[in-house]
Enquirer: 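This structure is in structure tokens; I'll ask about it shortly.
Every chain is numbered from 1 and lettered A, B, ... according to where its sequence line falls, protein lines coming before strand lines. Atom set for the values below is all heavy atoms of this structure, side chains included, hydrogens, waters and symmetry mates excluded.
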Amino acid sequence: MDFWISQLFNGVSYGALLFLLAGGLSLIFGMMRIVNMTHGSYYLLGGYVALTVIWRGGNFVLAVLLGALAIAAVGIGEWNAFLKRLSGQELGQVLTTMGFALIFQDLALLIWGGDPYTIPVPAVLSGAYTVGQLYFPVYRIFIVAVAALVAVVLWLVLERTRIGAMMRATVDDPEMARGVGINVYLISMAVFALGATLAALAGAVAGGFVGVYPGADFEILPYAFVVVIVGGMGSLKGALIGSLMVGLLDNFGKALFPELSYFTLFAPMAAILAVRPTGLFGRA
Amino acid sequence: MLEVRDIHTYYGDSHVLQGVSLRMEKGQVVGILGRNGMGKTTLIRSIIGFTPPRRGQVRFKERDITAWPSNRAVALGLGLVPQGRRVFPSLTVLENLAVAAKGNGGRWTIARVMDLFPRLGERAGSRAGKLSGGEQQMLAIARALVTNPELLLMDEPTEGLAPLLVREVGRVIERLKAEGLSILLVEQNLPLALRVADRVHILSRGQIVHSSSPAELMANDGVKSRYLGVA
Ligand SMILES: Nc1ncnc2c1ncn2[C@@H]1O[C@H](COP(=O)(O)OP(=O)(O)O)[C@@H](O)[C@H]1O
Ligand SMILES: [Mg+2]
């Protein structure tokens, strides 16, 4: 029993981290039809920038925020300089964003070197609650709380504000969105920046959990894509459910059948896509 | 108000509009007629900027808007009721209006369009994708009106509607005209177009082949049978 509860908890907290990463990817995918291979790099760079802020004497909160904001700027720059010209050209997007991912990978190696680091977390977030034999690290609870907060805020913005309605209108019919006067260009840039910010936030937060290390970008990217594809592009609900599913499957897979962990992750995905090609909550 | 100067519009290699020119004055209703596939929608798309012409010019309120993104043209005062309605299906009726509303102190507010189409008020919270075809058409018109356009582009607003609704749309167009709104109206319903238009143009294979007053067209059986397929 204890095994199940603690694995469940681990799966949910990993799912929460994935949601931070994949929520933004899903919006970018769904709204702008941009297949963004750089998303993992935002995650990596968010962690490294946060680390640098801490090395320079900044506190944890400042580090996480600066990491997220710096990467928002990187995302805006990348989108403005390249991606907005490539709308509708999937191959061009994949190649461009893949190119950026490789460049960022090398830059990170050049600047931060090849050693793994862990972002030191403040005292209030370290330690663990123990209940009987069970052990719940505070930091994992914190990650779940951050993801829950982000989910609620995103949902409120998307469903309850005029800007959110404009974003959904853009997903429904981008051409007609322009035809009623919506500045799709600005909306797209905002969505792209938001996605990059969330990915960097995920990376900074993950820095205190799984650490920051070379290769983390390409390690986590497939998970984010699986979440988006299973949940359905552009659907916040889909990203949330998909993240939890992937987090749980990955955790239980690794714990129960360590030699089959990719199988236990990807087989259910394939089954879902066979039944619902647009993902659980996606539209065609 | 609007001047289209010798525009040529393509889809890929296919040369659809082959030198179309027309002018509209403020307060006029101009009808565009022609059979299916003759380029009427392409003309609308060229003006609003969905498919900008490769050659020629679109001028609106003395500005060259040929290469403008559509949202900029809408900001300047173009409004669009597209063919096929194209309401935002996942948004509610109210949201469809809210995202378009300019709130610039113009005549049309969300409350006013709901007075014009009471049915929209009753269904304010419903997803637009769940509305009937007639209700979607009302919403498409209302959505264009809340942008407070000076020139309204309407592409077959009565297409696929039951006769009762065709009459209602006709009444709305007449009312908008009476209020002084300029309208470029693409319409297959000949009696309606002839009743409301000040001037009509017929498009055939991407060119304007006939321009006249509605009365002259009404009397010209040759043109009517040749280009509109009516006896
Ligand atoms: N997106 C498109 N791609 C290629 N050809 C198109 C497209 N839309 C319309 N056409 C072609 O352009 C011509 C004019 O179409 P359209 O402007 O829609 O005519 P109308 O509105 O008068 O029925 C037709 O031959 C049609 O097949
Ligand atoms: Mg048409």
Enquirer: Closest approach of B:Ala98 and A:Arg162, non-hydrogen atoms and distance?
Expert: O-NE, 2.6 Å

Enquirer: Surrounding NZ of B:Lys61 (heavy atoms of other residues, nucleotides or ligands, distance under 6.0 Å), is the total greater than 12?
Expert: yes

Enquirer: Working to the nearest 0.5 angstrom, can you tell me the gap between B:Phe50 CZ and A:Arg178 CZ?
Expert: 8.5 Å

Enquirer: Is atom CD1 of A:Ile163 surrounded by more than 12 heavy atoms (other residues, nucleotides or ligands) closer than 6.0 Å?
Expert: no

Enquirer: How long is the straight-line distance from OG1 of B:Thr92 back to CD of A:Glu159, given to the nearest 0.5 Å?
Expert: 10.0 Å

Enquirer: In this structure, are over 12 heavy atoms from other groups packed under 6.0 Å from B:Arg205 atom CZ?
Expert: no

Enquirer: So for B:Arg85, is it side chain, backbone, both, or neither that comes closer than 4.5 Å to the heavy atoms of chain A?
Expert: neither

Enquirer: Is it the case that more than 12 heavy atoms not belonging to B:Arg63 sit under 6.0 Å from its CZ atom?
Expert: no

Enquirer: Does CD belonging to B:Glu62 count more than 12 external heavy atoms closer than 6.0 Å?
Expert: no

Enquirer: To the nearest 0.5 angstrom, please state how far the CE atom of A:Met176 sits from the CZ atom of B:Phe88.
Expert: 6.0 Å

Enquirer: Non-hydrogen atoms of chain A under 4.5 Å away: do they reach the side chain of B:Arg143, the backbone, both or neither?
Expert: side chain

Enquirer: For B:Val74, is it the side chain, the backbone, both or neither that has a heavy atom under 4.5 Å from a heavy atom of chain A?
Expert: side chain

Enquirer: Of all the heavy-atom pairs spanning A:Ile182 and B:Asn71, show the shortest one and how long it is.
Expert: O-CB, 3.2 Å

Enquirer: Quick one: pull up CE in A:Met167 and CG in B:Leu91 and give me the separation to the nearest 0.5 Å.
Expert: 12.5 Å

